[in-house]
Amino acid sequence: MAKKIQPRIYKGTRDFLPEQMVKRNYVIGIIKDVFERYGFEPLETPTIELWETLSGKYGEEADRLTYRFTDRGNREVGLRYDLTVPLSRVVAMYPQLPKPFKRYQIQPVWRADKPQKGRFREFYQCDVDIVGSASMLADAEIIAIIFEILNALSFPQFIIRINHRKILSGITEVSGAGLDNELQICRAIDKMDKIGLEGVKQELLQRAIPAPAVDHILEMLSVDGDHKDRLEKTAQYLKNSSVGRQGIQEMQELFRYLEWYRIPQSCLQFDLYLSRGLDYYTGPIYETVVRKPRIGSITGGGRYDNLIGLFSGQDFPATGTTIGLERIITVMEELTMFPPHLRTPVQVLVTVFDDATLPYSIEIARELRAAGIRTDLYTGKSKLRGQFGLANDKGIPFVIVAGPDEQRNHRVQVKNMATGEQRSLPRSELVARLRHLLAQP
RNA sequence: GUGAGUGUAGCUCAGUCGGUUAGAGCACCAGGUUGUGGCCCUGGGGGUCGGGGGUUCAAGUCCCCUCACUCACCCCA
């Protein structure tokens with residue numbers, strides 16, 4: 001035999017073995033179901049995009065993290081960094097798409113990061129976006145769908161943090177720090193959770209924001225009360241900033257809608273410290289955090305009214321979010337939120353006793369499969385012992401034995417692997433019996 | 001890109017002050033059981049101790065280099 005190649009995979013990528021795939025498909029199934037119940041339609045786009053499509057949309061940092069190479073014809077291309085930019089390209093390319101366009105997209109994206117906990121180079125995102133509506137109603141739909149999905153997955157506790165880029169602009173404006181410092185300011189205050197108030201202050205000063213402006217910013221950020229109070233107090237601070245006033249007004253409208261959607265206040269947080277890293281956001285921004293496993297955000301998104309204009313020549317208002325599939329799965333695993341026995345789609349294994357009874361086993365498998373029961377027919381060379389072992393290892397709940405005795409009498413044995421109970425019954429009753437057994441919880 | 005940590009069986013890890021033939025649990029295979037899994041019992045296979053160099057009578061153990069992986073920072077799902 002030739003010298004074997006070390007079986008390895010590229011850093012930050014993963015194989016998903018069947019047992020993991022079953023769990024992933026379970027989560028994806030629930031997410032997709034909610035997407036469609038909210039009237040979103042599916043979309044897929046290519047893995048590879050032209051470099052000009054990807055570059056310069058997200059900001060300097062993200063540009064650096066985008067996989068980039070040249071093809072054999074020396075064309076500059078890259079792997080998609082997210083699903084929002086490809087969507088924007090699609091909207092511009094197919095102007096006939098009816099607006100508002102509501103699409104969902106579940107595909108992997110790539111980032112040339114150093115992997116760590118809950119962070120990969122290849123990972124799935126589940127995006128929902130509404131293109132062509134400037135109304136806060138569209139943002140409310142997105143936030144409602146986030147709430148609905150996390151509920152459907154039985155998340156015990158989560159907070160959807162919400163802020164508005166225009167409010168952040170307003171704060172920058174009235175602080176006297178200079179509007180071109182907005183990005184620096186956002187980055188600093190975004191770290192509030194990690195480094196605390198004093199840390200943020202140092203960070204701001206370090207980023208060459210004048211001390212009086214820093215004090216003013218921190219004062220504005222420290223408003224308290226429920227979100228209505230805080231919006232009003234913030235409005236007072238921002239009364240001399242037209243962009244700030246606009247942000248406040250939109251947020252008030254958004255929260256009014258969210259009330260009508262009956263989303264519990266306890267899941268929502270108007271959070272002035274939220275800023276989000278990507279450059280393209282222009283309006284409300286939102287992300288979801290959980291407290292228990294400390295893992296960063298599990299969803300993230302916002303309004304980006306100017307991004308599509310880069311491809312189209314005309315601006316389309318748009319808003320949407322990413323549902324972070326990988327982190328949701330990580331959280332669900334750590335909190336053991338998956339239903340038990342979620343190991344294999346196979347419902348029954350039909351064993352093969354020997355060559356003489358093989359036709360009988362095949363007939364049984366055919367019948368079960370025709371009846372819509374997910375049936376594995378044993379194709380290996382082990383005796384019954386090994387076949388039961390296989391069913392056990394895979395977590396297949398039922399095993400059929402069809403040996404010479406059963407064949408002669410037109411009967412089968414059905415064994416329940418969980419209870420160990422085994423029963424002989426006429427073959428004619430098998431489908432009904434299995435359907436009954438499989439319907440049990 | 002910056003900093004720290006860890007590399008011993010398929011996996012998780014032990015290995016004393018440097019000392020004879022490197023161990024355990026789990027997993028795997030076979031048998032106990034020629035028509036039945038899990039649990040139990042018996043046996044078995046499996047290791048360039050990440051790689052290279054050095055010190056030493058002697059290195060898994062000490063030193064240097066290198067590679068890989070992990071965690072944190074930055075940023076993000």
Side-chain angles (χ1 to χ4, degrees), chain A residues 3 6-12 27 31 58-66 80-84 106-127 146 183 186-188 190-191 194-195 199 203 274-279 281 285-290 293-302 321-331 349 351-354 356-357 361 378 382-408 412-424:
Chain A
K3 188 179 188 307
Q6 272 305 315
R8 303 186 303 154
I9 54 174
Y10 179 63
K11 190 203 283 272
V27 174
I31 291 173
Y58 311 100
E60 197 183 324
E61 179 69 12
D63 250 25
R64 198 170 63 76
L65 295 177
T66 305
R80 59 165 175 261
Y81 177 89
D82 72 357
L83 302 176
T84 307
I106 302 174
Q107 288 191 274
V109 301
W110 290 266
R111 296 184 186 180
D113 242 0
K114 254 190 191 173
Q116 48 186 274
K117 188 176 170 68
R119 177 185 253 188
F120 307 94
R121 285 181 174 171
E122 179 186 56
F123 62 100
Y124 274 73
Q125 291 195 328
C126 311
D127 275 35
I146 293 169
L183 191 66
C186 283
R187 287 207 175 134
D190 193 45
K191 293 186 185 175
K194 273 186 184 167
I195 60 179
E203 188 87 19
L274 174 67
S275 72
R276 304 217 34 90
L278 300 180
D279 282 1
Y281 293 122
I285 47 181
Y286 24 85
E287 71 175 36
T288 307
V289 292
V290 292
R294 213 174 149 274
I295 198 167
S297 51
I298 56 175
T299 80
T321 191
T322 297
I323 309 289
L325 179 69
E326 312 297 347
R327 287 184 179 178
I328 281 176
I329 288 172
T330 304
V331 171
L349 172 71
T351 59
V352 174
F353 189 86
D354 58 19
T357 61
S361 288
Y378 186 70
S382 293
K383 297 294 182 196
L384 236 34
R385 178 186 166 83
Q387 301 186 39
F388 273 91
L390 183 72
N392 189 61
D393 291 346
K394 286 192 177 188
I396 301 172
F398 295 100
V399 175
I400 307 289
V401 180
D405 297 344
E406 287 80 12
Q407 182 177 35
R408 200 175 315 115
V412 292
Q413 304 251 10
V414 178
K415 178 158 185 170
N416 181 329
M417 295 296 281
T419 64
E421 184 194 358
Q422 179 167 323
R423 233 197 231 214
S424 168

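A quick note: this is a predicted structure, and the numbers were derived from the prediction, not measured. All values below come from the heavy atoms of this structure, side chains included, with hydrogens, waters and symmetry mates left out. Throughout, a chain's letter reflects where its sequence line sits, starting with A, and its residues are numbered from 1.
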Atom [atom1] of [X] to atom [atom2] of [N]: distance rounded to whole Å?
X: R327(A); N: C76(B); atom1: CZ; atom2: C1'; answer: 6 Å
X: Q116(A); N: A77(B); atom1: CD; atom2: C1'; answer: 12 Å
X: W110(A); N: C76(B); atom1: CH2; atom2: C1'; answer: 17 Å
X: L83(A); N: C76(B); atom1: CG; atom2: P; answer: 17 Å
X: K191(A); N: C76(B); atom1: NZ; atom2: P; answer: 10 Å
X: I146(A); N: A77(B); atom1: CD1; atom2: P; answer: 12 Å
X: Q407(A); N: G35(B); atom1: CD; atom2: P; answer: 16 Å
X: Q107(A); N: A77(B); atom1: CD; atom2: C1'; answer: 16 Å

Assign [X] to base, sugar-phosphate, or nothing according to its heavy-atom contacts below 4.0 angstrom with the strands shown.
X: T299(A); answer: sugar-phosphate
X: K394(A); answer: nothing
X: Y124(A); answer: nothing
X: D405(A); answer: base

Does the base of [N] carry an N or O that pairs as donor and acceptor with the side chain of [X] under 3.5 Å?
X: K114(A); N: U2(B); value: yes
X: Q422(A); N: U36(B); value: yes
X: E406(A); N: G35(B); value: yes
X: R64(A); N: C74(B); value: no

Tabulated below should be each protein N or O lying under 3.5 Å from an N or O of nucleotides 37-43 of chain B; please produce it.
from   : atom 1 : to      : atom 2 : distance (Å)
G37(B) : OP1    : R385(A) : NH1    : 3.2
G37(B) : O2'    : N392(A) : ND2    : 3.2
G37(B) : N7     : K415(A) : NZ     : 3.1
G37(B) : O6     : K415(A) : NZ     : 3.4
G37(B) : N1     : M417(A) : O      : 2.6
G37(B) : N2     : N392(A) : OD1    : 3.1
G37(B) : N2     : M417(A) : O      : 2.6
G37(B) : N3     : N392(A) : OD1    : 3.2
G38(B) : O4'    : N392(A) : ND2    : 3.3
G38(B) : N2     : A418(A) : O      : 3.4

Can you tell me how far the [atom1] atom of [X] sits from the [atom2] atom of [Y], to the nearest 0.5 Å?
X: Y286(A); Y: Y281(A); atom1: OH; atom2: OH; answer: 8.0 Å
X: T288(A); Y: I323(A); atom1: OG1; atom2: CD1; answer: 7.0 Å
X: I328(A); Y: T299(A); atom1: CD1; atom2: OG1; answer: 7.5 Å

Please give the distance between the [atom1] atoms of [N] and [M] as a whole number of Å.
N: G7(B); M: G51(B); atom1: C1'; result: 11 Å
N: G25(B); M: U70(B); atom1: C1'; result: 23 Å
N: G45(B); M: U6(B); atom1: C1'; result: 29 Å
N: G60(B); M: U20(B); atom1: C1'; result: 15 Å
N: C13(B); M: A4(B); atom1: C1'; result: 22 Å
N: U12(B); M: A58(B); atom1: C1'; result: 31 Å
N: G10(B); M: U66(B); atom1: P; result: 28 Å
N: A9(B); M: G23(B); atom1: C1'; result: 10 Å

Measure from the side-chain N and O atoms of [X] to the backbone N and O of [Y], and report whether any donor-acceptor pair falls under 3.5 Å.
X: E406(A); Y: Q413(A); result: no
X: S361(A); Y: T351(A); result: yes
X: D354(A); Y: T357(A); result: yes

- Query: Taking NZ, NE, NH1 and NH2 as the nitrogens, is one of them in D190(A) or R187(A) under 4.0 Å from a carboxylate oxygen of the other?
  - Reply: no
- Selection from C75(B), U36(B), C69(B) that lies nearest to any side-chain heavy atom of K11(A): C69(B)
- Task: Determine, answering yes or no, if F123(A) is stacked on A77(B) under the 5.5 Å centre rule and the 30° plane rule.
- Result: yes
- Could you go step by step and tell me if T322(A) and D82(A) meet the side chain to side chain contact (heavy atoms under 4.5 Å, CB included) rule? CA-CA 9 Å; T322(A) 297; D82(A) 72 357; over 6 Å; no
- Message: Once pairs are restricted to Watson-Crick or G-U wobble with both distances under 3.5 Å, how does RNA chain B read as a dot-bracket string, [ ] for crossings and | for other-strand pairs?
- Response: (((((((..((((.....[...)))).(((((.......))))).....(((((..]....))))))))))))....
- Item | Heavy-atom pair of closest approach, residues E326(A) and F120(A) | CB-CE1, 4.2 Å
- Item | Sub-4.5 Å side-chain heavy-atom contact between L349(A) and F398(A) | no
- Let me know, please, whether A62(A) or K383(A) comes out on the 5' side of the other along RNA chain B by nearest nucleotide. K383(A)
Using a 3.5 Å cut-off and no angle test, enumerate the donor-acceptor pairs between side-chain atoms of residues 108-116 of chain A and protein atoms at least two apart in sequence or in another chain.
from    : atom 1 : to      : atom 2 : distance (Å)
W110(A) : NE1    : E122(A) : OE2    : 3.2
R111(A) : NE     : Y81(A)  : O      : 3.1
R111(A) : NH2    : Y81(A)  : O      : 3.2
D113(A) : OD2    : R119(A) : NE     : 3.4

